Amino acid sequence: MDIRRLSLWEGRNATYMSNGSFFTVTEDQGEITLELSVRNGNGARVSSLCLPYFRGTGSGVMSDENGEWWRMRQGLYQAGGMYFSFPSGSDDLISTTNTYWTVRRYGTEEEFGGVWKYSEMKSREVGNKYKVGKVDLVLPGHNVLYSAYSITNTGEEVLSGNPQLTAVLSAPHVEKGTYINTSAREFSVFPLAFRESGVNRFVPGQLFSDLKKAPLLKGGIGDASVVPAPTGTYDYIMGRLGEDSVDWITAINPNDQMLFLLYTQKAQNEDEFSLPICTIGENWYGRMDAPWALFDGATPQIRSLSLGFTYGESGSRNFSLAPGETRTCYFGASYSYLDNQRLSSLGFFTNEIRPEGFILKRTKSLSLVSADTSFKALRKISKRLFFRAQNGENQ
C-alpha cells in the first residue's frame with residue numbers, strides 16, 4: 001500500500017494512492033481524479049479517464065496567458081477526469097470543481113489495511129455558504145477508489161443544488177465496440193444545451209426502456225449501448241434508477257478485456273443522500289464548440305464517454321439542505337482486467353451484487369469484480385474523519 005503527495009506543475013499538487021495493482025491520482029484543484037489505472041492483459045499500465053488536449057496546466061485561470069478566454073469557462077479549464085460537482089455545474093458560483101481543496105489528513109488504516117485521504121473545500125459566498133468534506137480510500141486486493149462526500153450547509157438559509165458525480169472516459173478504453181450497461185431501466189435523451197454546438201443522434205425527450213433500442217433522430221432504432229464508429233453526434237442520456245440497494249453503470253472494452261465500473265448505494269438513513277439518476281454522455285466527435293473543437297463550428301477533436309450519477313435533471317436544484325444540516329453519499333469507481341475472454345467479448349446478462357463484489361454472468365461464464373459493495377470500510381473510516389473535522393481536529 002502506498003500514499004504520497006505529488007507536485008504536478010505550476011504549483012498544482014495531487015495525492016497518489018495505490019495498492020500495488022491499482023493506482024489513482026487526484027489533484028487539489030477541483031478535487032478531480034486524473035488517473036484510475038491498472039495493468040492490462042499485455043502488462044501495460046493504462047488509465048480509463050480522459051484528459052483532453054486543452055486541459056489547463058497552469059496554477060489557475062487568472063494566471064494563465066489565455067486567462068480572459070478561460071474566465072467564463074473555468075470548469076473546462078480542468079475538464080476531464082472524475083469529479084463531484086455541487087451545487088451545480090455553473091461557473092457563476094463557487095462550486096466543488098472550480099475551487100481549491102485542502103488536504104487535511106492522509107495515512108494508512110490498520111483495521112482494513114488500506115490508505116485514505118481526507119480533504120475539504122468551503123464556499124463563503126452570500127447565499128452559497130457550504131462545506132464539502134471528502135474521504136478517499138483504497139483497499140488491498142480491490143481495484144476500486146472508494147469516495148465519501150459530506151455536504152454541510154454553513155449558511156442561514158436553505159441551500160439548494162444538484163449534486164453530480166461524473167467520470168469522463170476516453171481512449172484506450174473508449175473505442176469502437178466498447179459497450180455500456182447499467183442497472184437503470186428507463187431512459188431519455190436531452191436536447192443539446194444552449195452553450196453546446198453539435199447534433200443529437202437520438203430523439204430528445206422520448207422515453208425508452210432498453211439502451212439497445214434508442215429512437216434515432218433520423219428514424220428507426222439505434223444501439224446506444226455500444227460505441228460506434230465516429231458519428232459526429234453528442235447525446236446526453238439519463239437513466240432512472242430503480243429500487244435496488246446498489247446502483248451501477250459499466251463500460252467494457254472487449255478488445256483489451258478492461259472493465260470500468262461506477263457504483264453507488266441508496267441512502268441508508270436520514271443523514272445520507274443518494275443520486276437516483278444515472279447519466280451517459282456519448283460524444284462521438286460531436287462537440288463542435290471550443291475548446292472541444294479548435295474554434296466554434298470547427299472539426300471536433302474529442303471522442304469521450306461520460307458516465308455518472310445525478311440528483312436531478314441538468315440545471316435543476318431539487319436537492320436541499322437546511323441551515324446547519326449535513327448529509328453524506330458514497331461511491332466506488334473500479335477499473336480492472338477481465339480474465340474471462342468470452343464474458344468481456346460478448347458482455348454480461350446479469351450483475352449479481354454480493355458483499356465480496358460484483359459477479360458478472362453470461363450463461364455459464366462469470367467473473368468476480370472484488371469490491372466492498374456495502375461500503376463497510378468507507379463508512380467506518382469516513383464517519384470517524386468527518387467527526388474529527390467537525391470538531392476542529394483537522395491538524
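Nothing here was measured: the structure is a model prediction, and the numbers come from that model.
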| note | One should read off an interatomic distance between Arg362 CZ and Lys364 NZ, to the nearest 0.5 angstrom, of 14.5 Å
| query | Are any non-hydrogen side-chain atoms of Ser18 and Met1 less than 4.5 angstrom apart? | reply | no
| What about Phe187 and Val189, same hydrophobic cluster or not, with Ile/Leu/Val/Met/Phe/Trp/Tyr joined at side-chain heavy-atom distances under 4.5 Å? | yes
Just list the side-chain donor-acceptor pairs under 3.5 Å for residues 205-218, sequence neighbours left out, or say none.
residue: Asp210; atom: OD1; partner: Lys212; partner atom: N; Å: 2.9

| task | Look only at the side chain of Thr99 and the backbone of Thr96, and say whether a donor-acceptor pair between them is shorter than 3.5 Å. | result | no
| Under the side-chain contact (heavy atoms from CB on, under 4.5 Å) criterion, do Thr182 and Thr250 qualify, and how do the steps go? | CA-CA 6 Å; Thr182 174; Thr250 63; over 6 Å; no
| query | Would you call Asp28 and Arg12 a salt bridge, taking side-chain N to carboxylate O under 4.0 Å as the test? | reply | no
| query | In terms of side-chain geometry, is the basic nitrogen of Glu352 or Lys361 positioned less than 4.0 Å from the acidic oxygen of its partner? | reply | yes
| With side chains defined as the heavy atoms from C-beta onward, is the minimum distance between Thr152 and Leu321 less than 4.5 Å? | no
| query | Applying the 4.5 Å side-chain criterion to the ILVMFWY set and letting contacts propagate, would Tyr337 and Leu145 be lumped into a single cluster? | reply | yes
| query | Taking the side chain as C-beta and beyond, is there a heavy-atom pair between Asn98 and Gln29 under 4.5 Å? | reply | no
| request: Would you check if there is a donor-acceptor pair between the side chains of Thr231 and Thr233 at a distance under 3.5 Å? | output: yes
| request: Identify the two heavy atoms, one from Met238 and one from Glu313, that lie closest to each other, and give their separation to 0.1 Å. | output: CE-CA, 3.7 Å
| Is the distance between the ring centroids of Phe348 and Trp248 less than 6.0 Å? | yes
| Can you tell if the side chain of Asp244 reaches within under 4.5 Å of the side chain of Val246, non-hydrogen atoms only? | no
| query | Does the side chain of Leu385 reach to within under 4.5 Å of the side chain of Trp116, using non-hydrogen atoms? | reply | yes
| said: Determine whether Asn19 and Ser21 satisfy the following criterion, side chain to side chain donor-acceptor pair (under 3.5 Å), listing intermediate values before the conclusion. | reply: CA-CA 6 Å; Asn19 62 11; Ser21 62; 3.3 Å; yes
| In terms of side-chain geometry, is the basic nitrogen of Arg45 or Glu35 positioned less than 4.0 Å from the acidic oxygen of its partner? | yes
| query | Is there a chain of hydrophobic side chains (I, L, V, M, F, W, Y, each step under 4.5 Å between heavy atoms) that links Phe386 to Tyr146? | reply | yes
| request: Consider only side-chain heavy atoms of I, L, V, M, F, W and Y, link residues closer than 4.5 Å, and tell whether Val25 and Leu169 are in one cluster. | output: no
| request: Starting from the C-alpha separation in whole Å, work towards a yes-or-no answer on salt bridge (Lys or Arg N to Asp or Glu O under 4.0 Å) for Arg384 and Glu109. | output: CA-CA 12 Å; Arg384 182 178 72 241; Glu109 172 61 36; 3.0 Å; yes
| field | Heavy-atom check, side chain of Tyr234 versus side chain of Asn200, under 4.5 Å | value | no
| field | Spacing of Asp296 atom CG and Arg287 atom CZ [to the nearest 0.5 Å] | value | 10.5 Å
| query | Can you tell me if CD on Glu156 sees more than 12 non-hydrogen neighbours from other groups inside 6.0 Å? | reply | no
| query | Asp339 and Gln257: side-chain donor and acceptor closer than 3.5 Å? | reply | no
| request: Please answer whether the main-chain N or O of Gly347 pairs with a side-chain N or O of Tyr179 as donor and acceptor at a distance below 3.5 Å. | output: yes
| said: With clusters defined by side-chain heavy atoms of hydrophobic residues (ILVMFWY) lying less than 4.5 Å apart, directly or transitively, does Ile180 cluster with Tyr285? | reply: no
| task | May I have the step-by-step check of side-chain contact (heavy atoms from CB on, under 4.5 Å) for Ile151 and Phe84, ending in yes or no? | result | CA-CA 11 Å; Ile151 307 176; Phe84 180 81; 4.0 Å; yes
| field | Short side-chain to backbone donor-acceptor contact, Ser123 and Asn128, under 3.5 Å | value | yes
| request: Considering non-hydrogen atoms only, spot the tightest contact between Ala224 and Ile237 and give its length. | output: CB-CD1, 4.0 Å
| Can Glu272 and Arg379 be counted as an ion pair, charged N to O under 4.0 angstrom? | yes
| NZ/NE/NH1/NH2 to OD/OE distance under 4.0 Å, Asp136 and Lys117 | yes
| query | Do other residues, nucleotides or ligands put more than 12 heavy atoms under 6.0 Å from the CZ atom of Arg124? | reply | no
| From CA spacing to verdict: side-chain contact (heavy atoms from CB on, under 4.5 Å), Val227, Trp284 | CA-CA 8 Å; Val227 177; Trp284 311 143; 3.6 Å; yes
| query | Are side-chain heavy atoms of Tyr330 and Phe273 found at a separation under 4.5 Å? | reply | no
| Rounded to the nearest 0.5 Å, how far does OH of Tyr130 lie from CG of Leu159? | 8.0 Å
| field | Parallel, tilted or perpendicular: rings of Phe260 and Tyr335 (30°, 60°) | value | tilted
| Contact summary for Tyr149 and Val132, nearest pair of heavy atoms | CD2-CG1, 4.3 Å
| message | I'd like to know whether Thr26 forms a side chain to side chain donor-acceptor pair (under 3.5 Å) with Thr15, so could you lay out the CA-CA distance, the side-chain angles of the two residues, the decisive distance to 0.1 Å, and finally the verdict. | response | CA-CA 5 Å; Thr26 302; Thr15 304; over 6 Å; no
| If you count the non-hydrogen atoms of other residues, nucleotides and ligands that lie under 6.0 Å from CD in Glu325, is the total more than 12? | yes
| field | Closest contact, heavy atoms only, Ser95 versus Ser88 | value | CB-O, 3.7 Å
| query | Are Val168 and Leu307 close enough, and set up right, to give a side-chain contact (heavy atoms from CB on, under 4.5 Å), and what steps lead you there? | reply | CA-CA 6 Å; Val168 187; Leu307 304 179; over 6 Å; no
| query | Is the shortest heavy-atom distance from the side chain of Leu8 to the side chain of Leu34 under 4.5 Å? | reply | yes
| request: Show your reasoning for whether ring-ring contact (aromatic ring centres under 6.0 Å, His included) applies to Phe375 and Phe331. | output: CA-CA 8 Å; Phe375 297 102; Phe331 302 98; 8.0 Å; no
| Between Ser160 and Ser320, does any side-chain donor sit less than 3.5 Å from a side-chain acceptor? | no
Which donor-acceptor pairs under 3.5 Å do the side chains of residues 47-58 make with protein atoms, sequence neighbours left out?
residue: Ser47; atom: OG; partner: Leu36; partner atom: N; Å: 3.3
residue: Ser47; atom: OG; partner: Leu36; partner atom: O; Å: 3.3
residue: Ser47; atom: OG; partner: Leu49; partner atom: N; Å: 3.4
residue: Tyr53; atom: OH; partner: Pro291; partner atom: O; Å: 2.6
residue: Arg55; atom: NE; partner: Ala79; partner atom: O; Å: 2.8
residue: Arg55; atom: NH1; partner: Glu27; partner atom: OE2; Å: 3.2
residue: Arg55; atom: NH2; partner: Glu27; partner atom: OE2; Å: 2.9
residue: Arg55; atom: NH2; partner: Gln78; partner atom: O; Å: 3.4

| field | Closest approach of Arg5 to Ala14 (non-hydrogen atoms, all atoms of both residues) | value | NH1-O, 3.3 Å
| message | Applying salt bridge (Lys or Arg N to Asp or Glu O under 4.0 Å) to Glu243 and Lys266, what does each step give before you reach the verdict? | response | CA-CA 8 Å; Glu243 300 302 320; Lys266 290 288 195 302; over 6 Å; no
| task | Test Lys134 against Glu120 for salt bridge (Lys or Arg N to Asp or Glu O under 4.0 Å), laying out the working first. | result | CA-CA 6 Å; Lys134 181 194 179 195; Glu120 66 180 24; over 6 Å; no
| Just by distance, do the side chain of Trp101 and the backbone of Ile32 share a donor-acceptor pair under 3.5 Å? | no
| query | Which heavy atom of Thr299 sits nearest a heavy atom of Ala293, and at what distance? | reply | O-CB, 3.5 Å
